[in-house]
Protein chains: 2
Amino acid sequence: MFSLSEENYLKAIFHLQRNKNEEVSTNALAHEMKSKASSVTDMLKKMADKELVIYKKYQGVKLSELGRKTALEIIRKHRLWEVFLVEKLNFSWDEVHEVAEDLEHIKSKKLISELDEFLGNPKRDPHGDPIPDANGNFLVINKALLNQLNEGDEGVFVGVKDSSTEFLQYLDKNNIALGKRIQVVEKESFDSSMQIKIENKATVNISKQVSENLFIKSI
Amino acid sequence: MFSLSEENYLKAIFHLQRNKNEEVSTNALAHEMKSKASSVTDMLKKMADKELVIYKKYQGVKLSELGRKTALEIIRKHRLWEVFLVEKLNFSWDEVHEVAEDLEHIKSKKLISELDEFLGNPKRDPHGDPIPDANGNFLVINKALLNQLNEGDEGVFVGVKDSSTEFLQYLDKNNIALGKRIQVVEKESFDSSMQIKIENKATVNISKQVSENLFIKSI
DNA sequence: TAAAATATTTAGGTTTGCCTAAAAATATAT
DNA sequence: ATATATTTTTAGGCAAACCTAAATATTTTA
Ligand SMILES: [Mn+2]
Ligand SMILES: [Mn+2]
Ligand SMILES: [Mn+2]
Ligand SMILES: [Mn+2]
């Protein structure tokens, strides 16, 4: 249906749009795609012709309904494969992204619906991100970034914003795993670092860079 | 490492070479790749530069050691994915080929070694073809095509030569499945058709086209 | 063994998805 | 409001993997 490159553009635009309906800039997209602005302009013209995106010169781009639907299909596949790799093939959560990046482009309706069922219709991937169903619907959970909580607040760690290998390995090392209960013990206004308690046991000090990449669901 | 197209060429050359060390002709390869002779000549020059093949103008082509090793890696992946699809995702043996054709190009050492283990290190794929191990070694079984047997001979059905959807579905319909014992009841010299007995029960009449595509291991 | 048939290669294009450099539009600062 | 900086687009190219048509080699046949 669509080329590998088109699919990757769709995903990138989707992620840059976030929930909002905002336009995405050529430069932002070039950065996300690790490519050049001129290449992006090229591609956006082609994708607009195919009605995958709404693009107006100098005005940025957003996904059309078709584009959004297609992006969600790819994200569904990406996240299902990540679950497969972790649950069935002993991958750790910091190893799955690269491989899923390729697997997400395999085109077979049956493959993905059977995989979904084989995995027990999981609702979230190993990083806590929601897995869209076959119609593109997914659960939006009420979560906040840890750095927005106040002293004494507590909640459950439900997702990461940054899912780079380095960050995930840092979390492993500090025993910060999905599903664990986290309490803000102290906030240092000077550098925005935080002291947190994990599962009422270990107390760790984390930098602003860490706390602004952890999603917490309040309880 | 190598492009999707290069990998498909390697596999095609491997299959056309069969066990023999014979040269493969440009035309044969074009036919196998569903492409044109001129495109094949183009590609062979590039692949020879990369030392994947040994190619001499007008003389045909064969795989280098590197080419053979790489081809076997792709075949290993193809067949492991086929097993996965049949054993874990409820695909039937006539549905797996197309999807495996794409999955075989995913590049991850860990993925394939873990998949192998997850599947219990299978030795054959759903069509009876041997699965090479990580070093490219595989079992060669002593088998013959059914049409080469004589009246009264018997053996076990261990593989198909033609693995097209149509042929596999024909076999399903006639209850001819891998592992079943087959006995030649009668051979019609006129049209080379055969009457065979399956598991000492059903007697079926099969055409030459069928019998020359079934591999039998004598017992 | 020479003509005819067939197979293979070369020449010259196309499309996709990239690139650099230059031009044009938009945004920011004075 | 104008000058400057930044962003975006256009122009012109490139490599991969195809294609058709024409040229050349090889094989077959008479
Ligand atoms: Mn991708
Ligand atoms: Mn993920
Ligand atoms: Mn393939
Ligand atoms: Mn097979």
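Note on naming: letters A, B, ... go to the chains in the order of the sequence lines (proteins, then strands), and numbering restarts at 1 for each one.
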query: How long is the line joining CG of A/L29 and C1' of C/dG17, in whole Å?
result: 14 Å
query: Atom CG of B/L44 to atom C1' of C/dT8: distance rounded to whole Å?
result: 11 Å
query: Would one find a side-chain N or O of A/S3 under 4.0 angstrom from OP1 or OP2 of C/dG17?
result: yes
task: Identify whether the distance between the nearest side-chain nitrogen and carboxylate oxygen of B/E82 and B/R124 falls below 4.0 Å.
output: no
field: Rounded distance (Å) that lies between atom P of C/dG17 and atom CE of A/M47
entry: 10 Å
field: Lys/Arg N to Asp/Glu carboxylate O, B/K50 vs B/E6, below 4.0 Å
entry: yes
task: Look at B/K36 and D/dT20 and indicate whether a side-chain polar atom (N or O) is within less than 4.0 Å of OP1 or OP2.
output: yes
Could you list, one pair per line, each protein nitrogen or oxygen that sits under 3.5 Å from a nitrogen or oxygen of nucleotides 5-8 of chain D, together with the distance?
{"from": "D/dT8", "atom 1": "OP2", "to": "A/N27", "atom 2": "N", "distance (Å)": "2.8"}

- prompt: For the side chain of A/S38, counting heavy atoms from C-beta on, which of C/dT16, D/dT9, D/dA17 is nearest?
  reply: D/dT9
Collect all protein-nucleotide pairs involving nucleotides 12-15 of chain D in which both atoms are nitrogen or oxygen and the distance is under 3.5 Å.
none

message: Do B/I141 and B/P130 make a side-chain contact, defined as non-hydrogen atoms from C-beta onward lying under 4.5 Å apart?
response: no
Aromatic contact, A/F84 with B/F84 (centres under 6.0 Å): yes
message: Just to be sure I understand the rule, does A/S39 reach a base, reach only the sugar-phosphate, or reach nothing, if contact means heavy atoms closer than 4.0 Å?
response: base
query: For residues A/S92 and A/D94, is any side-chain donor paired with an opposing acceptor at under 3.5 Å?
result: yes
field: Distance under 6.0 Å and angle within 45° of ring axis: A/K45 vs A/Y55
entry: no
task: Go through B/K62 and B/E22 one step at a time and tell me if the salt bridge (charged side-chain N to carboxylate O under 4.0 Å, His left out) criterion holds.
output: CA-CA 7 Å; B/K62 39 184 203 168; B/E22 269 174 43; over 6 Å; no
- request: Grab the CE-P distance between A/M43 and C/dC19 for me, whole Å please.
  value: 12 Å
- prompt: Over how many whole Å does the gap from B/E23 atom CD to C/dT8 atom P extend?
  reply: 12 Å
message: I'd like to know if the side chain of B/T70 pairs up with that of B/E73 as donor and acceptor (distance under 3.5 Å, no hydrogens or angles considered).
response: no
Length of the CZ-P vector between A/F2 and C/dT16, whole Å: 14 Å
task: Calculate the interatomic distance between A/E6 atom CD and C/dT15 atom C1'; express it in whole Å.
output: 12 Å
Position toward the 5' end of DNA chain D (nearest nucleotide), B/S35 or B/K50: B/K50
- prompt: Rounded to whole angstroms, how far apart are CG on A/L4 and P on D/dA16?
  reply: 17 Å
message: Checking A/H78 against A/D125: is there a side-chain donor and acceptor pair closer than 3.5 Å?
response: no
message: With a 4.0 Å cutoff (strictly under), does any side-chain N or O of A/K45 reach OP1 or OP2 of D/dT10?
response: yes
